[in-house]
There are 2 protein chains.
Amino acid sequence: MATGTRERIVAAAMQLFWERGYGEAGIADVVARAGVRSGSLYHFFESKESLLVAVLEAYQSALIPHIFEPPFRREREPLERVFAVLADYRERLLTTDFRYRCPIGSLALEVGPVSERARVLIDANFAAWRGAIAAALREAALVPGTDPESLATFVLTVMEGGVMQSAAQRSAAPFDASIAHLRAYLMSLVAPAR
Amino acid sequence: MATGTRERIVAAAMQLFWERGYGEAGIADVVARAGVRSGSLYHFFESKESLLVAVLEAYQSALIPHIFEPPFRREREPLERVFAVLADYRERLLTTDFRYRCPIGSLALEVGPVSERARVLIDANFAAWRGAIAAALREAALVPGTDPESLATFVLTVMEGGVMQSAAQRSAAPFDASIAHLRAYLMSLVAPAR
DNA sequence: GTCTATAGGATGATAGAC
DNA sequence: GTCTATCATCCTATAGAC
């Protein structure tokens with residue numbers, strides 16, 4: 001096989017499913033961008049849905065190295081690591097002129113209801129995202145009784161809802177407002193120094 | 001014209017765009033559900049995108065009477081009105097066996113990037129939703145300096161992110177966790193009695 | 001593993017009679 | 001305004017040579 005044909009197909013599909021959505025992105029677009037023929041695609045994947053599964057697995061593999069390691073390397077304070085992750089999402093909004101959409105969130109709404117295989121992998125992506133945030137929150141000195149898992153769910157909620165509104169408004173304002181309130185809330189949970 | 005042909009087409013499109021998404025719902029499905037012929041649809045709408053615009057206008061017209069008036073009638077306390085609205089979304093998750101998606105949020109991610117006409121109307125729907133929440137928040141006795149508009153944005157963020165995660169997980173847990181944190185935060189903003 | 005070619009079906013939209 | 005009929009295009013997926 002030519003080096004990385006499968007990987008090139010998956011990379012092209014990731015890009016196109018993100019840009020146009022799963023339904024609107026055609027197999028013809030994927031093979032064109034990957035520089036392969038449709039015969040090659042159907043050699044590696046039995047259907048478009050199988051390609052979607054591979055895309056979601058690739059997102060999960062990329063989650064820690066691409067989404068979490070860079071901001072975690074920049075910041076050492078646990079709580080600031082959380083906000084550094086969110087700052088990167090803000091940067092994605094800016095660099096796309098507010099056209100950024102969370103690829104997992106978009107697929108969650110588009111294909112979650114119609115493909116159970118995809119839905120399970122989307123849920124796994126969300127769980128892994130929450131897990132990385134929860135790990136940081138466990139390092140933070142929060143008031144006793146705070147549940148890091150539940151709080152990480154809240155952080156993901158705020159990211160998804162903020163990105164969605166900012167894309168709709170073509171403005172950073174909704175994202176920034178949401179993050180500011182999240183920060184105020186998290187700061188209220190910091191255990192008082194003693 | 002037969003009574004309400006246009007309205008029946010819009011109602012069918014609302015339902016189908018919500019169930020399957022804009023791209024996956026076909027014109028043939030819409031006319032079948034509306035019980036009309038494609039000639040009628042193209043008499044009222046010049047394209048599928050024009051139908052989408054009509055759907056988004058219909059959502060905005062329905063927003064106050066369908067989403068806000070029932071919960072606001074049940075609750076008189078301003079802050080509890082906000083949570084009553086959110087409780088209705090929780091009910092939608094339950095009654096759909098966690099298949100509920102916010103129709104505006106779904107369309108925001110799917111068509112926001114490709115149809116500017118739709119994006120503007122989606123933004124208007126979000127703004128109207130925030131406006132109704134902000135009005136309730138203005139009635140609540142919150143600590144001075146609290147911005148009801150910014151806080152309403154946060155409430156919408158939490159609803160959208162919570163619904164998305166609960167649908168992906170097929171469980172109320174992420175939504176409930178998100179609302180619980182939102183409640184804790186809002187309660188911390190209640191002005192102390194004096 | 002990759003290629004060309006195309007099957008088989010669904011799609012959005014149109015034509016023109018009534 | 002509504003009807004039937006259909007165009008033209010697009011789509012996913014397959015067949016079979018190399």
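Chain identifiers are assigned alphabetically (A, B, ...) following the order of the sequence lines, protein sequences preceding nucleic acid strands; residue numbering begins at 1 within each chain. As the structure is a prediction and not an experimental result, all values here were calculated from the model.
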[X] has an atom [atom1]; how far is it from atom [atom2] of [N], in whole Å?
X	N	atom1	atom2	answer
B/Ile9	D/dG1	CD1	P	11 Å
A/His43	D/dA13	NE2	P	17 Å
B/Glu49	C/dT11	CD	C1'	17 Å
B/Leu16	C/dT11	CG	P	11 Å

Go through it in stages, so that I can follow the logic: the residues are B/Thr153 and A/Ser178, the test is side-chain contact (heavy atoms from CB on, under 4.5 Å), and I'd like the CA-CA distance, side-chain angles, deciding distance and then a yes or no. CA-CA 7 Å; B/Thr153 299; A/Ser178 299; 4.0 Å; yes
What nucleotide among D/dA13, C/dT4, C/dT11 has an atom nearest to a side-chain atom of A/Arg37?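 Shortest atom-to-atom distance from the side chain points to C/dT4.
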Taking A/Glu110 for the side chain and A/Gly23 for the main chain, is one N or O donor matched with an acceptor at less than 3.5 Å?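 At least one qualifying donor-acceptor pair exists.
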Students often mix this up, so state it plainly: with edges at 30° and 60°, are the rings of B/Tyr185 and B/Phe154 parallel, tilted or perpendicular? perpendicular
For D/dT12, does either OP1 or OP2 sit under 4.0 Å from a side-chain N or O belonging to A/Ser47? no
Is A/Thr5 near enough to C/dT2 that one of its side-chain N or O atoms lies under 4.0 angstrom from OP1 or OP2? yes
Charged tip of B/Lys48 within 45° of B/Tyr22 ring normal and under 6.0 Å: yes
From B/Tyr89 OH over to B/Ile179 CD1, what is the distance, rounded to the nearest 0.5 angstrom? 11.0 Å
In Å and rounded to the nearest 0.5 Å, what is the CG to CG distance from A/Asn125 to A/Leu156?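 So the CG of A/Asn125 and the CG of A/Leu156 are separated by 10.5 Å.
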Step-by-step side-chain contact (heavy atoms from CB on, under 4.5 Å) determination, B/Glu116 to A/Arg170: CA-CA 11 Å; B/Glu116 179 64 11; A/Arg170 295 264 195 270; 3.9 Å; yes
How sharply is the helix from C/dG1-D/dC18 to C/dC18-D/dG1 bent, taking the axes over five pairs at either end and rounding to 10 degrees?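 Computed from the C1' atoms at both ends, the axes differ by 0°.
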Atom pairs, N/O to N/O, protein against nucleotides 14-18 of chain C, distance under 3.5 Å?
{"unit_1": "C/dT14", "atom_1": "O4", "unit_2": "B/Ser38", "atom_2": "OG", "d": "3.3"}

Counterpart residues, salt bridge (Lys or Arg N to Asp or Glu O under 4.0 Å), relative to B/Glu19 (two or more places apart):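 B/Glu19 satisfies salt bridge (Lys or Arg N to Asp or Glu O under 4.0 Å) with B/Arg33 once adjacent residues are dropped.
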